[in-house]
Each structure stands twice: as C-alpha cells, then as structure tokens.
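Worksheet for the structure shown next.
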Amino acid sequence: MKHIFMMAAGSLVACSALAAGQPPKVNETALRKEFTSLKDQDSAKFRNIKFAPGEAEGAWVMCGEYNSKNSYGGYAGFSRFMGMALVDGRKTTYLVMTVQDDMANTMCEKHGL
C-alpha cells in the first residue's frame, strides 16, 4: 500500500542557490518519526538518501527509499520518498512530503536526485 504525506513549511521548492555548509548526516530515529502512517513506524529502514541544496540557508531537498513492516509483520519492499531537511545549528528537522513512488520519483528527478 502506498502512503502520501504532505506537509507545508514555508517554501519547500528547491532551486540552484546553494545552502551553506554540507548536507546533514541522516538521523534515522528523527526521520522515522515523520513516517506517521506506517503500520510499524519503528521498523522503518532507509537507504540511498541524497540531498540537494534548497533555496534557504540550511534547507536541503532530501530523496531516498524506505521500507517498513506491513500488517502481516513482513517488510513490504523499498519505496521512494521525498522531503526536506532543515538544519539549524546542530539540530536537523525533517519534513516528509511525499511517499508515493510516482510523485517522489518526479520530484527527486526534478532536483537531480
């Protein structure tokens, strides 16, 4: 089953302007909390997470894949997601905007991820 997540946090569109610094290291525990409609949120695994600079300082477009357990207790297979990582000093806040393969693929390709 595919899930769609939409969140608004100001302007979430990335452009070619470079955000200051390096992309954040992924905090899987914090990222996992944004996948609120999963059957077993704690089972979420991530791979191939990539970042592109966003339009604001400290904002990063984030694309990757996730897998989690379904109602039967088995892993459903990896699916694509797209979101933002907002870095403020040492704190990173994640916003997962879409976890539907077609939409995530389109948005990730648009940003070269």
Side-chain angles (χ1 to χ4, degrees):
M1 174 158 56
K2 301 292 179 200
H3 302 281
I4 300 174
F5 298 92
M6 294 290 187
M7 298 186 82
S11 179
L12 297 174
V13 179
C15 70
S16 60
L18 293 177
Q22 297 294 316
K25 292 183 180 179
V26 178
N27 178 335
E28 289 190 11
T29 302
L31 180 57
R32 203 172 273 118
K33 291 178 183 177
E34 294 302 313
F35 286 76
T36 56
S37 71
L38 297 178
K39 294 284 184 188
D40 184 357
Q41 199 174 358
D42 293 333
S43 73
K45 296 180 181 183
F46 303 98
R47 71 178 186 190
N48 300 326
I49 296 177
K50 298 177 184 173
F51 296 93
E55 66 181 35
E57 184 174 334
W60 296 87
V61 176
M62 171 180 62
C63 291
E65 297 173 298
Y66 76 99
N67 191 3
S68 67
K69 291 183 179 179
N70 58 26
S71 298
Y72 300 105
Y75 279 92
F78 279 92
S79 294
R80 195 103 185 250
F81 76 92
M82 188 263 183
M84 297 289 292
L86 307 171
V87 181
D88 183 16
R90 293 184 181 193
K91 181 181 178 187
T92 301
T93 302
Y94 297 102
L95 302 171
V96 176
M97 295 180 292
T98 180
V99 187
Q100 184 178 33
D101 283 337
D102 292 340
M103 187 181 295
N105 285 337
T106 300
M107 295 302 293
C108 291
E109 288 172 11
K110 178 180 177 179
H111 298 291
L113 298 172

Query raised in the report: What is the distance from atom CG of Asn70 to atom NZ of Lys39, rounded to the nearest 0.5 Å?
Result: 9.0 Å
Query raised in the report: Do the side chains of Met62 and Leu31 get nearer than 4.5 Å, heavy atoms only?
Result: yes
Report task. Please report the closest heavy-atom contact between Glu34 and Val96, naming both atoms and the distance. Result -> CB-CG2, 3.5 Å
Query raised in the report: Tell me, which pairs form a side chain to side chain donor-acceptor pair (under 3.5 Å) where one or both residues lie in residues 81-93, sequence neighbours left out?
Result: none
Report task. Report yes or no: does Glu28 contribute a side-chain atom to a donor-acceptor pair with the main-chain N or O of Lys45 at less than 3.5 Å? Result -> no
Requested in this report: Provide the full list of disulfide (SG to SG under 2.5 Å) pairs with a residue in residues 48-109, sequence neighbours left out, each pair given once.
Outcome: Cys63-Cys108
Query - Trp60 side chain reached by Pro24 side chain, heavy atoms, under 4.5 Å - result: yes
Requested in this report: Specify whether Phe46 and Phe81 have parallel, tilted or perpendicular ring planes, treating 30° as the upper limit for parallel and 60° as the lower limit for perpendicular.
Outcome: perpendicular
Query raised in the report: Checking Tyr94 side chain against Lys33 main chain: does a donor-acceptor pair fall under 3.5 Å?
Result: no
Query - Nearest-0.5 Å distance, CD of residue Glu65 to CZ of residue Arg47 - result: 4.5 Å
Query raised in the report: Are any side-chain N or O atoms of Asn48 and backbone N or O atoms of Gly64, one a donor and one an acceptor, separated by less than 3.5 Å?
Result: no
Report task. Measure the shortest side-chain to side-chain distance between Leu38 and Tyr66 over non-hydrogen atoms and say whether it is less than 4.5 angstrom. Result -> yes
**Report entry** Shortest non-hydrogen separation from Lys69 to Asp40 and the atoms involved
**Finding:** CD-OD2, 3.8 Å
Report task. Provide the closest heavy-atom pair for Tyr75 versus Ser43 in the form atom of the first, atom of the second, distance. Result -> OH-O, 3.2 Å
Query raised in the report: Taking Arg80 for the side chain and Asn105 for the main chain, is one N or O donor matched with an acceptor at less than 3.5 Å?
Result: no
Query raised in the report: Any idea which heavy atoms bring Met84 and Ala59 closest together, and the distance?
Result: CE-CB, 4.0 Å
